[in-house]
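The next block holds one structure in the form of structure tokens; read it before the comments.
Computed over heavy atoms, backbone and side chain alike; hydrogens, waters and symmetry mates excluded.
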Amino acid sequence: MNNTVSPAPARASHLASLDYSVVQQCMHCGLCLPTCPTYDATKLERNSPRGRIALMRAIADGWLEPTKAFADEMYFCLGCLACMTACPAGVNYAELFEHARAEAEASGALSSPKRNLIRAFTLSWLFMDLNRLQLLGRLLRLYQTIGLQTLLRRSGILKLLPRRLRELEAITPDIQPDFSADLIAPVTPARGERKYRVALLTGCAQDLVFSDINRDTAEVLAQNGCEVITPPEQFCCGSLHAHNGEWELAQQLARKQLDQFPPEQFDAIITNAGGCGSHLKHYHKLLADDPSYRDRAALWDKKVKDIHEWVIEIGLQPPAATSSNSAPLVTYHESCHLCHGQKITTQPRQLLRSIPALKLVELPESSWCCGSAGIYNLVQPEMADQLLQRKLQHIKSTGATVVATGNPGCLLQLINGANQQGLKLRVVHPITLLAEAYRAST
Ligand code: SF4
Ligand code: SF4
């Protein structure tokens, strides 16, 4: 209930449309401040969760217009949700953040022809149909494999590109030779008795860059008594859109997911990407105003499971010990949206500890953002790089030769960091280590 005397906003406002109990929940205690990477870097109140929430509330109350400064602040926030874990009042920063970015976009405060074109191409076109993304992936793969990339890099011609384009080219991920549909059958039978029937979401960028992780996920599920349904043509989950202020596109993609994977037909709907999982578990909120989808969305939210969460929940079958003498030292970096968004912290460690042929060593600040944060490393490269260097420093301090993490963005960020520093560090999804352990013991 709003007890304040507030002028009604004159325009349609995403933040004003939020349940006011969410908007007014912050009690300004400041306990979240030490956990916020942007506040830690600048020590400025406006770069803190408390400062940002105050701005959001001022807009919801109609005291402030969404200016460029407001929009810039919302995009300086990583959306890492560390503040949610720290908050004793249970402030739903995730919901505030998504509505604040939608507010920023609706206001047009950041609008420019170049930015609008990039957003129209990526969010409204490329990621709305994964056939388009796969076509782009195949072209990139060609560029990387016929030697053109190496030639251009060696020739020095790339130095003529603007700095940002040069930086982007340098971190373009390697595209897999085969995508998920080439590696995983539409139906993977359970090994032994079938106990569960699950759907596997293969993702968008994940499908291009880490289709091998999707294959490993299907194998691990089958090994643990699951029949795995993996349609060859899938859709983006919409987290990219929701986190970048495109609420309606995110709703469209959520409806497509619900049509493709009716939740009543599965025991679980599995994702192996921490960032996607955090979004996928909130379709009910996203579609709350849509009577033809909201009930199914509520059931969907209950059925979506992160792979670590699911295999521990059903009683993970531990891999058998092998005769290998060398047990690599492995450390675990927590994806923000897995630990802060989904509160999944113990399960990945349990999974890793179940593998006899490795030793797990704790990573200092394991839940501090690595700077990937969706596309944050592309739009805020300086801050993202500071966070990456901090993360790599901690990884090196453990002496580990392997770092495991459960989100494609974190994997890419750490791979790029390790390459830049010339580190001998394997960066891998925990499920791949488990799949390898199963293979080694058969
Ligand atoms: S989401 Fe992360 S960066 Fe944003 S306010 Fe919260 S802790 Fe800070
Ligand atoms: S968000 Fe939570 S922890 Fe941060 S100031 Fe508000 S009530 Fe305190």
Side-chain angles (χ1 to χ4, degrees), residues 34-44 47-49 72 75-83 85 97 153 158 163-174 205-206 209-210 213 239-240 243-244 273-276 278 329-341 345 348 361-430 432:
T35 69
C36 173
T38 54
Y39 178 75
D40 182 72
T42 68
K43 299 292 185 286
L44 294 174
N47 301 148
S48 77
D72 281 340
Y75 277 96
F76 187 49
C77 171
L78 292 143
C80 69
L81 309 183
C83 47
T85 299
F97 169 74
R153 283 181 177 176
L158 296 176
R163 188 172 72 101
R164 280 299 295 131
L165 270 183
R166 255 190 351 257
E167 287 168 356
L168 282 178
E169 198 283 335
I171 59 168
T172 309
D174 288 344
Q206 164 97 356
V209 185
F210 296 115
I213 297 174
S239 71
L240 187 65
H243 294 162
N244 287 282
C276 303
S278 185
L329 208 52
V330 178
T331 195
Y332 175 63
H333 159 65
E334 307 195 59
S335 134
C336 296
H337 280 241
L338 199 55
C339 67
H340 301 306
T345 57
V361 56
E362 271 302 318
L363 178 65
E365 291 189 352
S366 63
S367 62
W368 194 264
C369 182
C370 67
S372 166
I375 55 167
Y376 192 87
N377 56 346
L378 304 181
V379 293
Q380 301 278 356
E382 287 84 17
M383 182 70 202
D385 192 55
Q386 274 183 39
L387 292 168
L388 175 60
Q389 299 313 322
R390 180 173 178 153
K391 182 63 65 180
L392 290 171
Q393 208 51 43
H394 285 310
I395 292 171
K396 284 190 271 188
S397 78
T398 65
T401 54
V402 180
V403 56
T405 187
N407 186 51
C410 307
L411 285 161
L412 284 177
Q413 177 83 336
L414 296 178
I415 289 169
N416 282 329
N419 287 344
Q420 280 161 17
Q421 292 198 10
L423 301 180
K424 282 197 175 150
L425 183 69
R426 184 180 181 204
V427 186
V428 66
H429 196 294
T432 293

With sequence neighbours excluded, tell me which residues meet side chain to side chain donor-acceptor pair (under 3.5 Å) with S278.
H337

Working to the nearest 0.5 angstrom, can you tell me the gap between S367 OG and E334 CD?
5.0 Å

Residue pairs, two or more places apart or on separate chains, that pass salt bridge (Lys or Arg N to Asp or Glu O under 4.0 Å) and touch residues 405-425
none

Start with the C-alpha gap between C336 and L81, add the side-chain angles, then the distance that decides, and say whether side-chain contact (heavy atoms from CB on, under 4.5 Å) holds.
CA-CA 7 Å; C336 296; L81 309 183; 6.0 Å; no

Here the gap from H394 atom NE2 to L363 atom CG, rounded to the nearest 0.5 Å, amounts to 7.5 Å

Considering only residues two or more places apart or on different chains, which pairs with a residue in residues 402-413 satisfy salt bridge (Lys or Arg N to Asp or Glu O under 4.0 Å)?
none

Between L338 and G274, what is the shortest heavy-atom contact and its length?
CD1-CA, 4.1 Å

Can you name the nearest heavy-atom pair linking Y376 to M383, along with the distance?
OH-CG, 3.3 Å

Test item: N244 and I375 side chains (from C-beta on) under 4.5 Å apart, heavy atoms
yes

Who pairs with N407 by side chain to side chain contact (heavy atoms under 4.5 Å, CB included), at least two apart in sequence or on another chain?
A273, S335, C410

Side-chain donor or acceptor of S239 paired with backbone N/O of C276 under 3.5 Å
no

Using side chain to side chain donor-acceptor pair (under 3.5 Å) as the criterion, list what pairs up with S397, not counting sequence neighbours.
none

Derivation of the side-chain contact (heavy atoms from CB on, under 4.5 Å) call for V402 and L329
CA-CA 6 Å; V402 180; L329 208 52; over 6 Å; no

Which heavy-atom pair separates A82 from T35 by the least distance, and what is that distance?
CB-O, 3.4 Å

Apply salt bridge (charged side-chain N to carboxylate O under 4.0 Å, His left out) to D72 and list each qualifying residue two or more places apart in sequence or on a separate chain.
K68

Considering residues at least two apart in sequence or located in another chain, which fulfil the side chain to side chain contact (heavy atoms under 4.5 Å, CB included) criterion with I415?
F210, N419, V427

Once you round to the nearest 0.5 Å, how far does OG1 of T432 lie from CZ of R426?
7.0 Å

Quick test of your reading: applying salt bridge (Lys or Arg N to Asp or Glu O under 4.0 Å), list the pairs with at least one residue in residues 366-378, sequence neighbours left out, ordered by first then second residue.
none

Under a 3.5 Å distance rule, please check whether K391 uses its side chain to pair with a backbone N or O of G417 as donor and acceptor.
no

Point-to-point distance, once rounded to the nearest 0.5 Å, from CG of L412 to CD of Q206:
9.5 Å

All heavy atoms of F97 vs all of G79, minimum pair found to be CZ-CA, 3.6 Å

Taking atom types as modelled and ignoring hydrogens, do the side chains of D385 and Q389 form a donor-acceptor contact shorter than 3.5 angstrom?
yes

Output all residues satisfying side chain to side chain donor-acceptor pair (under 3.5 Å) with E362, sequence neighbours left out; order by chain, then residue number.
R349

Salt bridge (charged side-chain N to carboxylate O under 4.0 Å, His left out) partners of D40, counting only residues at least two apart
K43, R390

So, taking the atom named CD in Q380 and the one named CG in L78, what distance separates them when rounded to the nearest 0.5 Å?
8.5 Å

Do V428 and V330 have side chains that approach each other closer than 4.5 Å (heavy atoms only, starting at C-beta)?
no

By side chain to side chain donor-acceptor pair (under 3.5 Å) - contacts of N377 (at least two apart)
Q413

For the atom pair OG1 (T38) and CG (N47), what is the distance rounded to the nearest 0.5 Å?
5.5 Å

Is there a side-chain contact (heavy atoms from CB on, under 4.5 Å) between T42 and F76? Walk through the geometry before answering.
CA-CA 11 Å; T42 68; F76 187 49; 4.2 Å; yes

If you define the side chain from C-beta out and look only at heavy atoms, does anything of S366 sit under 4.5 Å from Y332?
no

Heavy-atom pair with the smallest gap, counting every atom of W368 and P37
CZ2-CA, 3.6 Å

I'd like to check the side chain to side chain contact (heavy atoms under 4.5 Å, CB included) partners of L423; sequence neighbours left out, ordered by chain and number.
L392, K396, A418, Q421, L425

Between T405 and H333 the two heavy atoms that sit nearest each other are OG1-O, 2.9 Å

